[in-house]
Amino acid sequence: QNDLTTAEQRYQEILELRGQSPMVTPNPNREAVLANNIGSFYTAQGRYDEALDAYGLALNLYIQQSNRAGEALARNNIGTVMLNIGDMEQAEAFYLEALAIYEEIGDLPGKGQTLNDLGRLYDRSKQFDQARSYYRRAIDEVYETTLANIQGSRFKARFADKHARVYARLVELLWDADDYSLAFDYSERARARAFLDQLANGTVTFRADSDGTLLTQAQQLRLDITQRQDQLTAISATDPAQAPTELRAELEARQQDYLTLVERLQSPQAASFTAVSPAALPELQRLLDPQTTLVEYFTLPDRLLAFVLTQTTFTPVELPLDRATLTEAVREFYEYDFATLASAHPRSLQRLQAGLMAPLQRYISTEHLTIVPHGLLHYVPFAALSDGQQYLIDRHELTMLPSANALRFLGEPSQSPRSLAVFGNPTFDLPFAGEEAKTIADLYGVEPVIGQAATEERLRSQASEATILHLATHGEYNTSSPLFSQLLLTPNPGDDGRLQVHEIYGLDLTRNTQLVVLSACQTQVGEASDGDEIIGLNRAFLYAGTPNVLATLWPISDEATADLMEQFYGFLQQGETTARALQLAQQAIKEDYPHPYYWAAFGLTGRGS
């Protein structure tokens, strides 16, 4: 917790107690652990002489006990102190000794840490060939192997987060060495790996719970969660500022307990579960349509890289935009431009166009453009990037992907006629959503499911029957527990009316569904992690089996959205692809609603077919 003052007090108490307890049987391994921890404490404070004394004691004690793992740890820690004080030769010697022991005893986590530390050592010494070599070994020999063996997407995502810096630095070093195809390979390895594994393995299955204990616990937790959500909703409706912190904490704790229980019931341990290795660049290029250009971005602390791919070309471009400028432009768009709606071509979007797309335009000659964002770029409305006269959507039809490798696992386009299931206005406070649902349903000659009929149960029974599933309702993103982000439907005795991300994972949309339209607020967003995992509603529907999800980046205008949806479905009726229909609808709607706020929130993730 970085509370160094309290830490020092506790260590001092331990040392005093140890000296006052002659009856305690000496335990050299426990003494070694204590010395090692005290060394870590001194290292964190920059008290390197004291750290070396503590680590030296730990090393001697570990050697006396023939504790090889402890010896390697102490040697690695001494190496880190030497690195911090600038003694590169000694640091290298201690790291190499630690690495030899870790390899001898087969300790993968220790080996990974030391390989990473050797990479940092050579990186700091500007021996970049050596740095690249050790970073690659850390990733290839340890991190990738470990990722493949971790069960549970939450744990996989946390592991990827922890080591994201190593991937990012390796991408940068490979870029600087002009090894662009390998830089692209590690860029792919660095992003959304838990999600990629989910896509590859299909929909969730559950193992047998022989005595029903886990299922009973899960049902009770769901009941507890629903009760607390209802309490919070009732309080927030009268006075949002008075929502009890204690109640919110209880809710979050039960949500985490529930997710842990669900992961125990899921069966990724089955023999059919596979961890996916990212495909090589040529294989990914073969997956691209001849009329598609893919632009994959990679953000670094002070640089922004782009890889431009077609079936036959590969072009790396370093962009004239650093993270600070990018952050400022995105903040200006959401905070200032939304507040004023003064200009149809906001300065912030012109700055983003100049930094993100203008340098790439010479390499993009296709109608279809697929964007693979990274980090903060997930929140950029690419369709609205502007040169002051034209938007990007005026030049290209657009789709988004979480990674280029996702193309390998998205469903193929269907040749069957389009059919529609539409749910709308379940909460009775979205009049335009109700009208939107009726208008769209009329185009396809079907009855919309609206009001009291728009229940979770009805959705589950009809979701997989139509090629298009349209949901015109409220969406809520849960910042503290993203897997509980939700779409609001009508509650009934069997369901609470909250269709949440972890429940969407259990839908099977692999048979017929070609498109899910989330005509609701903030259904595309989620919090980007260092490992570029975003837990949001749009990715949940992709995982459930649809190859295309149309979702939103920000709270949207009901009236403008209803008009846009009518235009979009009209173009689909005329036989346009999903991506082309969205492009034409956005071009049409901005005639009446010029500011991008009204039309650029919608983004299409997936194939675009």
Side-chain angles (χ1 to χ4, degrees), residues 161 164-165 167-172 175-176 180 183-184 186-188 190-192 293-308 315-340 343 345-364 369-388 390-393 395-396 398-404 479 522 524-534 536 552-554 595-597 600-601 603 605:
D161 269 6
R165 190 202 65 80
Y167 285 82
R169 182 56 181 153
L170 179 57
V171 168
E172 186 170 24
W175 183 281
D176 289 340
Y180 300 116
F184 173 79
Y186 283 96
S187 165
E188 278 290 296
R191 65 181 77 224
T293 300
L294 184 146
V295 174
E296 176 161 314
Y297 292 99
F298 198 83
T299 57
L300 295 165
D302 57 358
R303 305 165 74 179
L304 180 58
L305 313 178
F307 304 92
V308 185
T315 309
V317 182
E318 184 164 347
L319 298 170
L321 194 65
D322 59 28
R323 186 179 292 179
T325 307
L326 171 64
T327 302
E328 182 186 345
V330 172
R331 183 182 295 116
E332 181 182 338
F333 175 67
Y334 281 97
E335 293 181 2
Y336 174 75
D337 294 319
F338 273 22
T340 63
S343 169
H345 295 270
R347 186 186 66 165
S348 57
L349 295 180
Q350 294 187 48
R351 291 170 66 194
L352 290 169
Q353 162 68 18
L356 294 174
M357 289 306 307
L360 309 180
Q361 208 62 56
R362 72 181 76 174
Y363 309 112
I364 304 171
L369 179 59
T370 295
I371 305 291
V372 181
H374 186 240
L376 189 60
L377 295 176
H378 286 287
Y379 308 101
V380 170
F382 278 88
L385 297 189
S386 170
D387 61 10
Q390 274 193 322
Y391 300 101
L392 190 60
I393 201 66
R395 295 191 292 273
H396 303 284
L398 298 175
T399 52
M400 315 292 282
L401 285 174
S403 68
T479 54
Q522 292 177 286
Q524 181 172 316
V525 296
E527 189 171 350
S529 67
D530 290 337
D532 218 43
E533 302 287 355
I534 292 185
T552 56
L553 277 171
W554 56 76
H595 196 280
Y597 162 76
T605 301

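Values below: all heavy atoms of this structure, side chains included; hydrogens, waters and symmetry mates excluded.
- In this structure, a donor-acceptor pair under 3.5 Å is present between the side chains of Ser187 and Arg191.
- Taking every heavy atom of both residues into account, Leu294 and Leu401 meet most closely at CD1-CD1, 4.3 Å.
- Note on Arg331 versus Glu328: no salt bridge recorded, every NZ/NE/NH1/NH2 to OD/OE distance being 4.0 Å or above.
- With a 4.5 Å cut-off on side-chain heavy atoms, Arg303 and Asp176 count as touching.
- The two residues Pro402 and Thr605 have their closest heavy-atom pair at CD-CG2, 4.3 Å.
- Within the model, atoms CZ of Arg395 and CD1 of Ile364 stand 8.5 Å from one another, a figure rounded to the nearest 0.5 Å.
- Between Ala190 and Phe298, the shortest heavy-atom distance links the atoms CB-CE1, 3.9 Å.
- For the pair Pro320/Thr325, no side-chain contact is recorded, criterion being any heavy-atom separation below 4.5 Å from C-beta on.
- Thr370 contributes atom OG1, which lies 11.5 Å from atom CD of Glu296 (distance to the nearest 0.5 angstrom).
- For the pair Gln353/Gln390, no side-chain contact is recorded, criterion being any heavy-atom separation below 4.5 Å from C-beta on.
- Pro596 and Tyr391 get closest at one heavy-atom pair: CG-CE2, 4.1 Å.
- Side-chain contact between Leu326 and Leu352: present, with at least one pair of heavy atoms (C-beta onward) separated by less than 4.5 Å.
- Rounding to the nearest 0.5 Å gives a distance of 6.5 Å between CG of Leu319 and CG of Leu356.
- Residues Tyr363 and Val295 are not in side-chain contact: their nearest non-hydrogen atoms beyond the backbone lie 4.5 Å or more apart.
- Checking Leu377, Val372, Ile371 one by one against Met400, the side chain to side chain contact (heavy atoms under 4.5 Å, CB included) holds for a single residue, Ile371.
- Ring-plane geometry between His595 and Phe333 is classed as parallel, the angle between the planes falling under 30 degrees on a 0 to 90 degree scale with a further cut at 60.
- When side chains are defined from C-beta on, Leu553 counts as touching Tyr334, because their heavy atoms get closer than 4.5 Å.
- Evaluation of the salt bridge (Lys or Arg N to Asp or Glu O under 4.0 Å) rule for Arg347 yields Glu332 as partners, not counting sequence neighbours.
- Ring planes of Tyr597 and Phe338: perpendicular class, angle over 60° (limits at 30 and 60°).
- In this structure, CD on Glu318 lies 6.5 Å from CH2 on Trp175, to the nearest 0.5 angstrom.
- Atom CG of Leu300 is separated from atom CZ of Arg323 by 7.5 Å, given to the nearest 0.5 angstrom.
- Heavy atoms only, all atoms of each residue included: Leu360 and Tyr297 are closest at CD1-OH, 3.7 Å.
- For Ser386 against His345, the heavy-atom pair with the smallest separation is OG-ND1, 2.5 Å.
- Distance alone, capped at 3.5 Å, is enough to place a donor-acceptor pair between the His374 side chain and the Thr299 backbone.
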